[in-house]
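The structure appears right after this line, and notes come after that.
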Amino acid sequence: MATRDEILRELKLAPEWRLRSDATAGQDGPVETASARGASPASPSSRPIVAAEDPVARRERIAALDWDAFEADVASCTACGLCRSRNRAVPGVGDRRAEWLFVGEGPGAEEDAKGEPFVGQAGKLLDSMLAALGMGRDANVYIANVVKCRPPNNRTPEPAEAEACRPYLERQIALIRPKLIVALGKSAASLLLGSDATIASLRGRRHRYGETPLVVTYHPAYLLRSLPDKAKAWEDLVFARSMASSVASADPPVA
Ligand code: URA
Ligand code: SF4
């Protein structure tokens, strides 16, 4: 029978990371890596991952990454337990100079297989909503998620996982400098607004994330199950569009 190491190698998961030990496998927090322990060299394509990197230092380091370094960093991240079950990290997709940033929850099975956000059923709905606004995932839109790795069984990300991944979303916002952020569903609204309020109570109003205007609407996966709220989501996007044009005249983007 194959040993765990053989299976990890077969799945191309070694030597970047491996389970710490069976006793600690369920715990949150940074995952110790084989390379960080000096047990085996890092693969040529990835720099060694520092185990248990200080969160403040990590945040500062991520805040200075350019796009290429950002994507490489996400791909090799072990800062929360979701790294254990991902096939591919899903950093985000779209126009890096977009005026609109959509933030979902986390990759599902299809996203995890493809490395791209919103490629399943919910993604098709999002695409048709974007098309109705005259936009698309490469046309003035960037799409990201609260967590970049798939939560097992598509469960809601834990607050600690969302916090561990927050520096990446913050870096994306700083690099893109969107005119408007659209939080899709509860995970994004909770993380970005620090509020546990319902979508129903948050939608229809202008919020802010730092300096950036933010609107909240339903998650497309929820809309697939709740047709009556589709009309409300459409209202939210129309509201968002009117906000985006008012931002355009009051606050021109830096060249
Ligand atoms: N749901 C999300 O929140 N994000 C995805 O990328 C796919 C489905
Ligand atoms: Fe790192 Fe985010 Fe993936 Fe957790 S979800 S391992 S913090 S990239």
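Bear in mind the structure is a predicted one, so any value in this text is a computation, not a measurement. Throughout, numbering of the chain's residues begins at 1 and tracks the sequence.
For the residue pair Gly104 and Ala188, the shortest heavy atom distance occurs at O-CB, 3.8 Å. Between Ala69 and Asp66, the shortest heavy-atom distance links the atoms N-OD1, 2.9 Å. Nearest heavy atom pair, residue Ala233 against residue Thr217, reads CA-OG1, 3.5 Å. Leu101 and Ile173 get closest at one heavy-atom pair: CD2-CG1, 3.5 Å. Here the closest non-hydrogen pair linking Glu161 and Cys80 is CG-SG, 3.9 Å. Minimum heavy-atom separation, Val216 to Asp236: O-OD2, 3.8 Å.
The hydrophobic clustering, which links ILVMFWY residues whose side-chain heavy atoms are closer than 4.5 Å, places Val215 and Val146 together. Val90 is not connected to Ile143 by any chain of hydrophobic side-chain contacts under 4.5 Å among Ile, Leu, Val, Met, Phe, Trp and Tyr, and they are in different clusters. A continuous path of hydrophobic side-chain contacts links Val103 to Val147 [ILVMFWY only; heavy atoms under 4.5 Å].
When side chains are defined from C-beta on, Pro178 counts as touching Thr212, because their heavy atoms get closer than 4.5 Å. Between Leu193 and Tyr209 the shortest side-chain heavy-atom distance does not fall below 4.5 Å. Looking at heavy atoms from C-beta onward, Arg241 lies in side-chain contact with Leu133 at the 4.5 angstrom threshold. Taking 4.5 Å as the limit, some side-chain heavy atom of Glu99 sits within range of a side-chain heavy atom of Asn140. Between Trp100 and Lys179, the closest side-chain pair of non-hydrogen atoms is not below 4.5 Å.
Here the straight-line distance linking atom CE of Met135 with atom CE of Met129 works out to 10.5 Å at 0.5 Å rounding. Between atom CZ of residue Arg97 and atom CG of residue Leu175 there is a gap of 12.0 Å, rounded to the nearest 0.5 Å. For the atom pair NE2 of His207 and CE of Met243, the computed distance is 9.0 Å after rounding to the nearest 0.5 Å. Separation of atoms CD1 (Ile199) and CG (Asp229) is listed at 10.5 Å; rounding is to 0.5 Å. The SG atom of Cys77 lies 10.5 Å from the NZ atom of Lys148; values are rounded to the nearest 0.5 Å. Here Leu184 contributes atom CG and Ser187 contributes atom OG; the two are 11.0 Å apart, rounded to the nearest 0.5 Å.
In this structure, Lys232 does not pair ionically with Glu235, as no charged nitrogen and carboxylate oxygen lie closer than 4.0 Å. The pair Arg61-Asp73 counts as a salt bridge, with a side-chain nitrogen and a carboxylate oxygen less than 4.0 angstrom apart. Ion pairing between a basic and an acidic side chain is recognised when a charged N comes within 4.0 Å of a carboxylate O; Asp112 and Arg86 show no such pairing. Salt-bridge check for Arg137 with Asp95: failed, with every basic side-chain N at 4.0 Å or more from each acidic carboxylate O. Using a 4.0 Å cut-off between charged side-chain N and carboxylate O, Glu105 and Lys186 make no salt bridge. Contact check on Arg88 versus Glu116 returns no salt bridge, with no Lys/Arg side-chain nitrogen under 4.0 Å from an Asp/Glu carboxylate oxygen.
Seen from the ring of Tyr168, Arg58 counts as a face-on cation partner, given the 6.0 Å and 45° thresholds.
Put simply, the side chain of Asp54 gets close to the backbone of Ala57: a donor and an acceptor are under 3.5 Å apart. The main-chain N or O of Val119 is found under 3.5 Å from a side-chain atom of Glu111 such that the two form a donor-acceptor pair. With hydrogens and angles ignored, the 3.5 Å screen pairs no side-chain donor or acceptor of Gln172 with any backbone N or O of Asn145. Although no hydrogens or angles enter the test, the distance criterion places no donor-acceptor pair under 3.5 Å between the side chain of Ser226 and the main chain of Leu223.
Shown here is Arg166, whose CZ atom has more than 12 heavy atoms of other residues, nucleotides or ligands within 6.0 Å.
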Please lay out, stage by stage, how Leu180 and Leu214 fare under the test side chain to side chain contact (heavy atoms under 4.5 Å, CB included). CA-CA 6 Å; Leu180 181 69; Leu214 181 149; over 6 Å; no

Using the side chain to side chain contact (heavy atoms under 4.5 Å, CB included) rule, take Leu82 and Glu158 through it: C-alpha gap first, then chi angles, then the decisive distance, then the call. CA-CA 10 Å; Leu82 296 182; Glu158 306 279 355; over 6 Å; no

I would like to know whether Arg96 and Glu71 meet salt bridge (Lys or Arg N to Asp or Glu O under 4.0 Å); could you show each step before the answer? CA-CA 13 Å; Arg96 291 174 174 181; Glu71 293 198 341; 3.3 Å; yes

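Note: Tyr142 and Trp67 have tilted aromatic rings, judged against thresholds of 30 and 60 degrees for the angle between ring planes.
His219 and Phe118 have their aromatic ring centers within a separation under 6.0 angstrom.
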